Amino acid sequence: MSQSLVDALRLSPLPRPPVWIMRQAGRYLPEYRELRERHSFKEAVSTPEVAAEITLQPIRRFGLDGAVIFADIMTPLEGMGVEMTFDPGPTLRPYTLREVLELPDLDTDRVGFVAETIRRVGTEVPSETAVIGFAGAPVTLLAYLLEGGGSKDFFAMRVALRADTTAAAAALEKLAREMRVYLGMQVEAGAHVVQLFDTWAGLVDLATFESLAVPAARASLAGLDAPTIYFAPGSGHTLELQAKVGANGYGVDWRTPIMEAWARLGEVAVQGNLDPAVLLTDPATIASEVKALLNQVAGRPGHIMNLGHGIDRHTPPENVTAFVEAIRA
Ligand code: CP3
């Protein structure tokens with residue numbers, strides 16, 4: 001039995017687009033908040049029984065076409081000896097470029113819980129639901145490593161990419177190699193699809209995006225035995241270059257009209273691009289926004305319904321039901 005998400009990524013014509021939601025396993029769900037009362041974020045991620053349960057919560061509630069594994073883009077760095085806490089975003093000591101270069105290779109045994117979570121989810125989801133693995137893209141991981149956590153403008157990463165280009169390129173190559181290993185582990189464990197999150201790549205100029213972000217993202221995904229999605233929100237200026245990453249599909253945020261983005265990306269699948277704010281409105285508004293988006297796409301093969309970025313934690317679950325029903329109506 002094939003999964004409609006996989007079929008869409010292969011550009012097969014489908015009666016309706018597959019749907020899943022970035023950050024679907026999370027705080028807007030009361031059953032997630034309830035479980036998190038008993039387990040810290042890291043404990044939940046590293047305990048396959050709990051991580052699998054959280055992954056399945058939105059599938060049970062909404063019957064989505066993809067089950068994205070509960071973990072974080074920073075999780076594999078813990079398998080490279082990087083220590084961090086989550087409160088709620090990742091917090092770590094700031095690394096220098098040299099320290100990033102000297103990090104040990106990923107020890108997949110130390111993140112074997114992710115593979116185990118994937119195996120568990122695989123035995124429990126309906127056969128038509130795709131299991132989605134993921135990793136952070138090198139530029140985005142480097143941004144957190146050099147900054148020591150979240151930031152609005154990640155100047156440490158932007159300075160490194162301009163001032164110390166050779167070392168930065170080497171650090172990105174290293175992160176790409178390790179993320180390729182990490183994604184390979186996930187595919188081997190049964191992930192049907194993988195997504196690479198490049199949340200902060202849109203902060204860099206076009207030339208740097210082309211010379212550093214694209215090759216690193218491309219190497220992270222090269223030769224995987226599963227269809228791939230690349231997602232760089234806030235990166236409308238880079239759409240033509242993103243196509244060079246070589247993914248099967250691309251996530252598009254809400255700032256660029258979907259068909260304009262599609263024309264600039266080329267013959268690939270496109271995922272998105274409903275503004276997450278729409279899910280904070282009401283069922284009637286949601287239904288009309290979904291209809292408007294589907295009308296623009298007009299059944300073009302390769303469309304995957306999703307938001308333009310992660311679902312907001314204040315989203316009422318009933319609005320997610322309305323979103324899914326509007327697509328299936
Ligand atoms: O449901 C899913 O999408 C799967 C799990 C998932 C999480 N994080 C769980 C999480 C995924 C795919 C991510 C990716 C991630 N993590 C990204 C890329 C996607 C994006 O939003 O652009 C980034 C940048 C991170 C780093 C990160 N982790 C931040 C900034 C935060 C805190 C802010 C926030 O949005 O919650 C986290 C913590 C985190 N990761 C939570 C969850 C459910 C919240 C933890 C909690 O329960 O308090």
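Remember, it's 1-based here, ligands and their atoms both numbered in the order they're listed. Side-chain atoms are counted along with the backbone in the values below, which use heavy atoms only and exclude waters and symmetry mates. Sequential numbering from 1 along the given sequence is applied to the chain's residues. None of these values were measured; they are calculated from a predicted model.
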Residue and atom name of the nearest protein heavy atom (relative to [atom]), distance in Å to one decimal:
atom: atom 29 (C) of ligand 1; value: Pro90 CD, 3.6 Å
atom: atom 40 (N) of ligand 1; value: Asp72 OD1, 2.9 Å
atom: atom 34 (C) of ligand 1; value: Arg27 NH2, 3.1 Å
atom: atom 38 (C) of ligand 1; value: Pro88 O, 3.2 Å

Among [options], which residue places a heavy atom closest to [atom]?
atom: atom 48 (O) of ligand 1; options: Arg36, Met22, Gln195, Lys42; result: Arg36
atom: atom 42 (C) of ligand 1; options: Trp200, Phe197, Phe41; result: Phe41
atom: atom 23 (C) of ligand 1; options: Ile54, Ile73, Leu29; result: Ile73

Any N/O of Phe134 closer than 3.5 Å to an N/O of ligand 1? no
I want to know if ligand 1 touches Arg23 in the polar sense, i.e. an N/O pair below 3.5 angstrom. yes
With a 4.5 Å limit on heavy-atom distance, are the side chains of [X] and [Y] in contact?
X: Val100; Y: Leu146; answer: yes
X: Met84; Y: Met74; answer: yes
X: Met185; Y: Val111; answer: yes
X: Leu294; Y: Pro17; answer: yes

Hydrogens and angles aside, do Asp205 and Thr208 bring a side-chain donor and acceptor to less than 3.5 Å of each other? yes
Whether Phe62 and Tyr28 hold their rings parallel, tilted or perpendicular, with breakpoints at 30° and 60°: parallel
Check the orientation of His303 and Trp262. Use parallel for under 30°, tilted for 30 to 60°, and perpendicular for over 60°. tilted
Please could you name the atoms of ligand 1 that [X] approaches to less than 4.0 Å, counting only its heavy atoms?
X: Phe70; value: 43 (C)
X: Ile69; value: 4 (C), 5 (C)
X: Thr199; value: 18 (C), 19 (C), 20 (C), 22 (O), 24 (C)
X: Tyr144; value: 24 (C), 26 (C), 30 (C)
X: Gly89; value: 29 (C), 31 (C), 32 (C), 37 (C)
X: Tyr32; value: 43 (C), 45 (C), 46 (C), 47 (O)
X: Ala25; value: 1 (O), 43 (C)

Side chain or backbone of [X] under 4.0 Å from ligand 1, or both, or neither, by non-hydrogen atoms?
X: His309; result: side chain
X: Arg313; result: neither
X: Ala71; result: backbone

Going hydrophobic residue to hydrophobic residue with side-chain gaps under 4.5 angstrom, can you get from Trp254 over to Phe323? no
Gly150 heavy atom under 4.0 Å from ligand 1: no
Do NZ/NE/NH1/NH2 and the carboxylate oxygens of Glu31 and Arg60 come within less than 4.0 Å? no
Working for side-chain hydrogen bond (donor to acceptor under 3.5 Å, both in side chains), residues Thr238 and Gln242: CA-CA 6 Å; Thr238 70; Gln242 286 185 44; 3.0 Å; yes
Tyr144-Tyr95 aromatic ring centre distance below 6.0 Å: no
Which atom names give the shortest non-hydrogen contact between Ala226 and His192, and what distance separates them?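 Here Ala226 and His192 meet closest at CB-O, 3.6 Å.
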